Enquirer: 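Just passing along the structure, written as structure tokens.
One-based numbering, in listed order, for ligands and for the atoms of each. Computed from heavy atoms alone, side chains included, the values below leave out hydrogens, waters and symmetry copies. Everything quoted here is computed from the prediction, not taken from an experiment.
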Amino acid sequence: MTIKDRTESFWESYELPSFGRVTENLLTEICIVGGGITGVSLAYELGRRGHKVLLVEAFSLGSGQTGRTTAHLTCELEDSFQELLKIHDEKTVSLFYDAHKKAIDLIEENIKREGIDCDFRRLDGYYFCGYNEKEDFQKEKEAAASCGADLEYCETTPLLNESVSSLRYKNQGQFHPLKYVRGLVESMKKFDVTLYEGTHIQDMRQEDRETWTLLTDSGFEITSQYLIVATNTPVNNRFHIHTRQYPYRTYAVAFSLSDNSPREECLLWDTEDPYHYVRLADHKLIVGGEDHRVGETPDEDPFIKIENWTRTKFNFVKDVIYKWSGQIYEPSDSIGFIGINPGLEKNVYISTGESGIGMTSSAIASQIIPDLIEKKDNVWAPIFDPTRFTTKGMKEFIKENMNTALHYTDWVRPSEVDSLQEIPVDGGGVRREGFFKTCYYHDAGHFERKSAVCPHLGGIVHWNDIEKTWDCPCHGSRFNTRGKVIEGPATSDLMEKE
Ligand SMILES: Cc1cc2nc3c(=O)[nH]c(=O)nc-3n(C[C@H](O)[C@H](O)[C@H](O)COP(=O)(O)OP(=O)(O)OC[C@H]3O[C@@H](n4cnc5c(N)ncnc54)[C@H](O)[C@@H]3O)c2cc1C
Ligand code: FES
């Protein structure tokens with residue numbers, strides 16, 4: 001089995017059914033690449049609508065960010081309504097909000113229709129004042145109301161030690177993400193849907209502008225009329241989308257609770273930037289936050305920062321029982337990209353840029369993309385359209401792309417380590433060797449040596465000491481200690497060095 005990340009999330013010990021690799025050439029109507037919640041939700045919905053579907057997953061179902069989420073189901077849109085209205089008009093923000101609100105209903109409908117036991121429950125969410133902040137919640141409430149969101153002002157916030165004000169989002173949701181994925185997978189048995197695991201798609205071509213040919217890592221071909229790329233960040237799109245969304249690492253810590261912990265369950269998000277996100281699940285408190293751009297080393301251990309913050313806010317937490325990190329993609333204008341892939345090829349769809357609201361986005365994608373394939377109108381499709389041209393969010397676009405450009409100067413920077421002796425066991429370092437950069441992983445006396453040049457668009461990878469991976473700061477590709485690609489947009493491994 002390929003080792004991906006080193007930390008383990010709260011959900012990952014839950015077992016999903018397993019499926020074989022692709023071992024022959026295959027023909028299908030719709031091929032979905034990626035077996036996270038987005039790919040699986042799409043496979044389920046397309047199967048339900050009578051399509052012939054084949055889903056291919058590089059590792060195992062749910063082993064991407066779906067297994068590393070905190071699984072709030074919410075129409076809290078990551079940015080405040082006031083911030084969103086600086087970028088978009090009221091109609092767009094209303095549709096954005098409506099899509100995420102209805103997405104919770106869609107998930108609930110799937111659960112009821114198929115009788116999925118995934119700890120789903122409805123609960124309220126509270127957007128509360130963080131450290132040293134005096135949020136003007138009255139203005140935010142008015143901005144929300146202008147977009148059709150009925151938020152309630154609260155003098156206090158549940159679960160917190162201190163008395164701080166908040167805005168209440170009623171009737172949000174939470175569930176166990178992998179139990180939900182399992183439920184959908186089991187429900188698909190009655191449809192014409194076939195699932196494959198352990199099959200990495202290395203190339204996707206459309207030679208006649210009609211059909212797609214996908215090449216697997218064992219040399220087999222999949223021919224399909226339609227292609228859906230549900231790989232969190234698209235592995236088919238080389239450039240366009242990657243300049244409009246930016247890769248971030250985010251961290252989560254699960255705590256056991258003391259016997260006198262509150263019974264009330266709710267979701268919490270604070271007003272800080274980056275913000276903290278909190279939920280109670282299965283008598284555990286899960287707290288996330290401390291986001292930063294991929295490839296950048298945080299000044300302090302993000303888990304310790306989350307733990308310290310949590311202990312000041314919640315007096316009923318006991319021990320840290322899980323801690324893990326994951327990757328999200330922040331879109332330049334705050335709205336994800338769901339629909340037709342920008343470019344000249346036909347019949348290809350993507351779902352990406354979902355930031356920290358990818359659970360509900362998967363349900364939105366499961367409606368937009370099938371509707372587009374079936375040439376039906378979809379009221380949400382225009383606002384998520386990946387081909388949209390917009391000057392909105394230009395400030396973020398320039399700031400983040402300057403950051404990417406700055407990382408290309410890694411080519412001319414000196415070595416991170418002068419000698420291999422500086423690299424601790426189970427650590428990594430990048431060295432300059434002539435014009436090129438080489439990365440070394442120290443595997444107990446033996447050094448794994450690879451080119452440090454990312455095969456996507458030539459960024460220089462950085463060592464991620466928490467997950468023991470090589471991460472590319474430019475667009476977020478990641479590689480394990482052996483240089484094997486574990487996260488796109490790169491589709492090939494770090495090159496061998498002679
Ligand atoms: C710590 C954390 C907390 C979060 N909290 C929340 C939350 O509370 N609420 C919320 O809504 N969202 C949250 N998110 C975001 C959410 O988890 C993700 O947006 C969502 O899981 C993405 O699902 P996905 O199916 O699109 O991608 P993934 O789950 O990453 O699935 C993509 C799959 O594609 C496969 N793949 C990639 N390349 C290839 C290839 N070439 N060939 C074949 N397969 C390939 C991968 O192996 C992977 O399994 C959080 C994320 C993190 C990291
Ligand atoms: S991910 Fe694009 S250059 Fe590395």
Side-chain angles (χ1 to χ4, degrees), residues 2 4-5 9-10 32-42 55-74 76 78 100 103-104 172-174 177 181 196-204 214 216-217 229-236 238-239 242 247-253 267 269 277-279 286 288-291 294-295 324-329 336 350-363 365 404 407-408 453-461 470-479 485-492:
T2 304
K4 293 178 87 178
D5 290 303
S9 82
F10 181 57
I32 300 173
V33 183
I37 192 168
T38 308
V40 169
S41 303
L42 275 155
L55 182 149
V56 202
E57 162 58 42
F59 299 94
S60 53
L61 297 178
S63 67
Q65 301 316 311
T66 299
R68 307 184 74 76
T69 184
T70 50
H72 299 205
L73 300 174
T74 172
E76 195 277 334
E78 294 271 295
H100 282 274
I104 311 174
Q172 308 294 288
Q174 68 179 23
V181 166
Y196 292 93
E197 291 180 321
T199 304
H200 190 259
I201 298 298
Q202 296 196 316
D203 195 22
M204 301 167 212
L214 281 68
T216 75
D217 49 355
V229 183
T231 49
N232 199 22
T233 191
V235 293
N236 59 319
R238 208 154 165 74
F239 188 71
H242 306 294
Y248 276 76
R249 301 299 298 166
T250 182
Y251 299 84
V253 180
L267 304 176
W269 321 280
Y277 43 98
V278 183
R279 69 173 275 191
I286 304 179
E290 297 303 329
D291 306 7
V294 168
W324 70 95
S325 70
Q327 194 146 311
I328 52 171
Y329 294 85
I350 55 171
S351 176
T352 189
E354 286 131 2
S355 188
I357 44 177
M359 299 281 110
T360 36
S361 301
S362 70
T404 304
H407 280 296
Y408 278 104
V453 180
C454 171
H456 176 232
L457 289 173
I460 300 293
V461 295
W470 296 107
D471 297 359
C472 180
C474 295
H475 314 105
S477 293
R478 298 178 63 236
F479 308 84
V485 63
I486 55 167
E487 190 136 0
T491 50
S492 53

Enquirer: If the cut-off is 4.0 Å to any non-hydrogen atom of F59, which atoms of ligand 1 fall inside it?
Expert: 47 (O)

Enquirer: If you measure from each non-hydrogen atom of S325 to ligand 1, which part falls under 4.0 Å: side chain, backbone, both or neither?
Expert: neither

Enquirer: Does the residue G476 have a heavy-atom contact with ligand 2, meaning some pair of atoms that are separated by less than 4.0 Å?
Expert: yes

Enquirer: Is there a polar contact, in the sense of an N or O pair closer than 3.5 Å, between H72 and ligand 1?
Expert: yes

Enquirer: So is A252 polar-close to ligand 1, meaning N/O to N/O under 3.5 Å?
Expert: no

Enquirer: Please confirm whether E57 comes within less than 3.5 Å of ligand 1 when only nitrogen or oxygen atoms on both sides are compared.
Expert: yes

Enquirer: So between V485, V229, T231, whose heavy atom ends up nearest atom 36 (N) of ligand 1?
Expert: T231

Enquirer: Given D291, N232, T216, which one has a non-hydrogen atom that is nearest to atom 27 (O) of ligand 1?
Expert: N232

Enquirer: My understanding is that we take every heavy atom of each candidate and find the minimum distance to atom 11 (O) of ligand 1. Doing that for R68, E76, M359, R249, which one comes out nearest?
Expert: M359

Enquirer: Side chain or backbone, does T69 bring an N or O within less than 3.5 Å of an N or O on ligand 1?
Expert: yes

Enquirer: Check whether any side-chain heavy atom of Q327 sits under 4.5 Å from a side-chain heavy atom of T233, and report yes or no.
Expert: no

Enquirer: Test your reading of the structure: does I328 have an N or O sitting under 3.5 Å from an N or O of ligand 1?
Expert: no

Enquirer: Please state the angle at atom 2 (Fe) of ligand 2 spanned by ND1 of H456 and ND1 of H475: what is it, rounded to 10 degrees?
Expert: 100°

Enquirer: Run the numbers for me: atoms of ligand 1, each under 4.0 Å from some heavy atom of V33, listed by number.
Expert: 40 (C), 42 (N), 43 (C), 44 (N)

Enquirer: Is any side-chain heavy atom of T360 closer than 4.5 Å to one of I104?
Expert: yes

Enquirer: Looking only at distances, please establish whether an N/O atom of ligand 1 is found under 3.5 Å from an N/O atom of T70.
Expert: yes

Enquirer: Quick one: which ligand 1 atoms are inside 4.0 Å of a heavy atom on H200?
Expert: 40 (C), 41 (N), 42 (N)

Enquirer: Among G459, S477, P247, whose heavy atom sits nearest atom 1 (S) of ligand 2?
Expert: S477

Enquirer: Please work out whether the ring planes of Y277 and H72 are parallel, tilted or perpendicular, with thresholds of 30° and 60°.
Expert: perpendicular

